[in-house]
Amino acid sequence: MAIYHLCIKIISRGKGKSAVAASAYRSGEKIKNEYDGIVHDFTRKGGIAHTEILLPQNAPQAFLDRGTLWNSVEKIEKSKNSQLAREIEIALPKELNREKQIELVREYVKDNFVNVGMCADIALHDKNDGNPHAHILLTMRPLNEDTTWGAKSKKEYILDENGEKVKLKNGNYKTRKINTTDWNEQEKAEQWRKAWADITNKYLEENSIQEKVDHRSYQRQGIEQIPTIHLGVSATQMEKKGIATDRGNINREIKHQNMILREISRRIKALLNWIRGIGKEEKTENENTKSTLTPKENLLSVLENLIRKNAENHNTDLEKYIESYQLLKEKNITSLSELKGNILALRDKNYKTTRVLKDVEKKVDDNTKLIEQAEKYLKHKDIYKAYTKLKKSKQEYFYNEHVAELILFESAKKYLKEHLGENKTLAISKWKSELITLKKEKKSLYNQILEIREEVEQAEKVKTCIEQLQEHSKQLTQVKWNELDL
């Protein structure tokens with residue numbers, strides 16, 4: 001099944017990143033960063049299926065060498081927090097062969113990035129683990145006509161109502177920053193995401209593959225589906241080795257629930273299409289042929305007659321007719337119109353239950369994360385305290401000895417601050433109690449979903465009975481017409 005994934009990241013010097021290092025890692029090459037003198041050697045890295053560089057017309061040909069390209073970027077960016085490159089990571093459709101995957105990425109990159117002035121460094125990765133993907137590193141500074149780097153932005157004077165420059169108290173004039181390109185606009189990200197979906201679908205169709213991808217979220221597509229939770233690096237690595245994790249188990253449970261939700265929606269849609277189809281069939285019936293079943297005809301009476309006739313003939317479907325009759329009687333459904341209303345109510349019930357289940361699932365995930373981070377914080381708190389009390393001369397050695405614990409503490413501290421704000425109370429017992437309650441609610445909602453599936457199955461049995469009745473009536477009518485012709 002073709003999947004959609006497109007992730008946009010910024011490689012920033014302020015976050016300790018390097019464009020040279022990023023390119024070397026993704027391409028599996030050895031490149032020296034002239035900015036800091038560090039040599040990045042990833043020649044032993046496996047899973048690299050294809051690499052290439054695409055350049056706009058006004059780029060120097062020397063940039064076809066990725067070391068030259070990214071060292072030029074590192075050199076032109078002077079600030080310690082400069083944004084060096086934009087990375088776009090995309091999942092490749094497994095349904096296409098390698099040649100088509102390369103053509104797909106190349107066309108996408110040319111149309112959306114190279115043609116507007118960006119240099120693109122492409123690397124396709126495939127470890128034969130079912131996850132072929134591509135990394136696209138893009139320059140963020142435009143090129144001038146003379147192949148030199150241009151400015152990312154320029155200053156523009158702010159004018160008053162008389163068209164005069166506004167002077168500040170310090171003697172300078174008031175200005176604003178104007179970007180020289182629209183590459184950082186929020187709308188661009190949406191355009192690039194849609195463009196990848198469009199071109200992927202084009203290639204799938206051209207290669208006679210029925211699968212389609214969609215860049216929109218399930219919510220925007222109108223699909224009620226429970227989103228899976230983020231696994232994290234540790235759980236992902238364990239799952240790849242075949243070791244089941246708590247988060248992996250949660251995702252497997254969510255995927256199973258989504259499969260049932262999709263199944264129910266599909267079956268309800270089929271039932272509604274069937275009922276609508278009966279009305280259309282009745283209109284197209286021959287005027288001389290009596291209608292087999294009208295929307296307002298009493299279904300209970302029809303089934304009673306059917307049961308009576310089949311009881312005399314000892315029909316094997318008798319039990320099914322009785323079951324459908326009892327269901328309709330129990331729900332007080334006497335006509336096709338009322339049956340349609342019952343199915344619509346099932347659809348609405350399924351929709352509402354799914355929405356509540358989604359909300360509860362999110363609360364479960366939020367509580368679980370809060371508990372996990374609070375426990376990490378408390379576990380490594382003493383090590384962090386010991387680190388802060390040391391003299392600076394001894395801190396580096398201590399940090400290297402306890403780097404994992406200190407990183408986990410810092411990340412937990414940051415997470416708790418973002419989610420608790422000024423409230424420093426770690427109410428772990430309370431959160432665990434809430435989690436137990438949420439899990440019970442989740443189980444109850446899931447059971448409601450299963451009950452809805454049972455009701456859909458019962459409605460399908462009624463549908464089968466009515467179809468058999470219609471077919472039998474049509475056969476009898478045809479026999480009468482044949483007799484008239486004779």
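When reading the values below, keep in mind they use all heavy atoms of this one structure, side chains included, and skip hydrogens, waters and symmetry mates.
Contact check on R355 versus D359 returns no salt bridge, with no Lys/Arg side-chain nitrogen under 4.0 Å from an Asp/Glu carboxylate oxygen. A salt bridge between E372 and R247 is present, with a side-chain N of the basic residue lying under 4.0 Å from a carboxylate O of the acidic one. By the 4.0 Å N-to-carboxylate-O rule, K202 lies close enough to E107 to be salt-bridged with it. Of the charged side-chain nitrogens involved, at least one lies within less than 4.0 Å of a carboxylate oxygen, so that D366 and K362 count as a salt-bridged pair. A salt bridge between K376 and E405 is absent, with no side-chain N of the basic residue lying under 4.0 Å from a carboxylate O of the acidic one. The pair E103-R98 does not meet the salt-bridge criterion, since no charged nitrogen lies less than 4.0 angstrom from a carboxylate oxygen.
Between I268 and R266 the shortest side-chain heavy-atom distance does not fall below 4.5 Å. With a 4.5 Å cut-off on side-chain heavy atoms, L271 and K463 count as touching. Using a 4.5 Å cut-off on side-chain heavy atoms (C-beta onward), L261 and N258 make contact. A 4.5 Å side-chain heavy-atom check between Q101 and P132 finds at least one atom pair inside the cut-off. Contact annotation: the side chain of L420 approaches that of L426 to within less than 4.5 Å [non-hydrogen atoms, C-beta and beyond]. Side-chain contact check for L138 versus I136: some heavy-atom pair is nearer than 4.5 Å. Annotation: side chain of L435 is in contact with side chain of T368 (closest heavy-atom distance under 4.5 Å). Side-chain contact between K100 and L104: absent, with no pair of heavy atoms (C-beta onward) separated by less than 4.5 Å.
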For the pair V364 and I250, evaluate side chain to side chain contact (heavy atoms under 4.5 Å, CB included) and give the outcome as yes or no after the intermediate values.
CA-CA 10 Å; V364 167; I250 289 170; 5.7 Å; no
Show, in sequence, the C-alpha distance, side-chain angles and deciding distance for C7 and I88, and conclude whether the side chain to side chain contact (heavy atoms under 4.5 Å, CB included) test is met.
CA-CA 6 Å; C7 178; I88 295 186; over 6 Å; no
Salt bridge (Lys or Arg N to Asp or Glu O under 4.0 Å) for D214 and R193? Distances and angles first, verdict last.
CA-CA 9 Å; D214 198 311; R193 290 176 61 80; over 6 Å; no
Does the salt bridge (Lys or Arg N to Asp or Glu O under 4.0 Å) test come out yes or no for K369 and D365, once each step is laid out?
CA-CA 6 Å; K369 284 178 184 174; D365 185 37; 3.4 Å; yes
Audit row: Y446, E253, side-chain hydrogen bond (donor to acceptor under 3.5 Å, both in side chains) steps and yes/no:
CA-CA 11 Å; Y446 180 61; E253 184 183 334; over 6 Å; no
Pair I428-K432, side chain to side chain contact (heavy atoms under 4.5 Å, CB included): steps then yes or no:
CA-CA 6 Å; I428 297 176; K432 285 184 176 180; 3.7 Å; yes
Between R86 and N184, is a side-chain hydrogen bond (donor to acceptor under 3.5 Å, both in side chains) present by the stated rule, with each step listed?
CA-CA 10 Å; R86 178 180 283 106; N184 284 334; 2.2 Å; yes
Give the C-alpha distance, both sets of side-chain angles, the deciding distance and a yes or no for side chain to side chain contact (heavy atoms under 4.5 Å, CB included) between E441 and K363.
CA-CA 11 Å; E441 186 180 355; K363 289 177 184 175; over 6 Å; no
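Aromatic ring centroids of H419 and Y415 lie under 6.0 Å apart. Between H125 and H135, the ring centre distance stays below 6.0 Å. A ring-centre distance under 6.0 Å is not found for Y108 and W192.
Remark: the backbone N or O of S23 is paired with a side-chain donor or acceptor of S27 at under 3.5 angstrom. Looking at N179, its side chain never comes within 3.5 Å of a backbone N or O of T181 through a donor-acceptor pair. Of the possible polar contacts, one joining the N115 side chain to the K110 backbone as a donor-acceptor pair under 3.5 Å is found. Listed for the T139 side chain is a donor-acceptor partner under 3.5 Å among the backbone atoms of C119. The backbone N or O of G14 lies less than 3.5 Å from a partner atom in the side chain of S12, making a donor-acceptor pair. The backbone N or O of N131 sits less than 3.5 Å from a side-chain atom of H133, completing a donor-acceptor pair. Looking only at distances, a side-chain donor or acceptor of N201 sits under 3.5 Å from a matching main-chain atom of V213. Between the side chain of E338 and the backbone N or O of T334 there is at least one donor-acceptor pair closer than 3.5 Å. Side chain of T353 to main chain of N350: no donor-acceptor pair is present (N/O by atom type, distance under 3.5 Å, no hydrogens or angles). Proximity of a side-chain donor or acceptor of N97 to a complementary backbone N or O of E99 within less than 3.5 Å is detected.
For N112 against A195, the heavy-atom pair with the smallest separation is OD1-CB, 3.4 Å. For the pair S18 and L84, the tightest heavy-atom approach, listed with the atom from each and the gap, is CA-CD1, 4.0 Å. Between L327 and A459, the shortest heavy-atom contact is CD2-N, 4.3 Å. Nearest heavy-atom pair, A120 versus V114, reported as atom, atom and distance to 0.1 Å: CB-CG2, 4.1 Å. Of all heavy-atom pairs between L408 and S411, the closest is O-OG, 2.9 Å. Across all non-hydrogen atoms, the minimal contact from Y384 to K413 is OH-NZ, 4.0 Å.
Remark: T200 OG1 to L92 CG distance equals 8.5 Å, nearest 0.5 Å. For the atom pair CD1 of I264 and CG of L346, the computed distance is 9.5 Å after rounding to the nearest 0.5 Å. Taking NZ of K17 as the start and CD of Q83 as the end, the distance is 14.5 Å to the nearest 0.5 Å. Of the inter-residue distances, the one linking E29 atom CD with R66 atom CZ reads 4.5 Å to the nearest 0.5 angstrom. To the nearest 0.5 angstrom, E418 atom CD is 10.0 Å from Q373 atom CD. With values rounded to the nearest 0.5 angstrom, E263 atom CD is found 7.0 Å from I260 atom CD1.
Taking the centre and axis of the six-membered ring of Y25, the NZ or CZ atom of K45 falls inside the cone set by 45° and 6.0 Å.
In this structure, a donor-acceptor pair under 3.5 Å is present between the side chains of R252 and N249. Checking W70 against D121 by side-chain atom types alone, a donor-acceptor pair falls below 3.5 Å.
Under the salt bridge (charged side-chain N to carboxylate O under 4.0 Å, His left out) test applied with R267, the options E460, E455, E454 reduce to a single match, E460.
Other residues, nucleotides and ligands contribute at most 12 non-hydrogen atoms within 6.0 Å of the CG atom of D246. The environment of Q210 atom CD is sparse: at most 12 non-hydrogen atoms of other residues, nucleotides or ligands sit within 6.0 angstrom.
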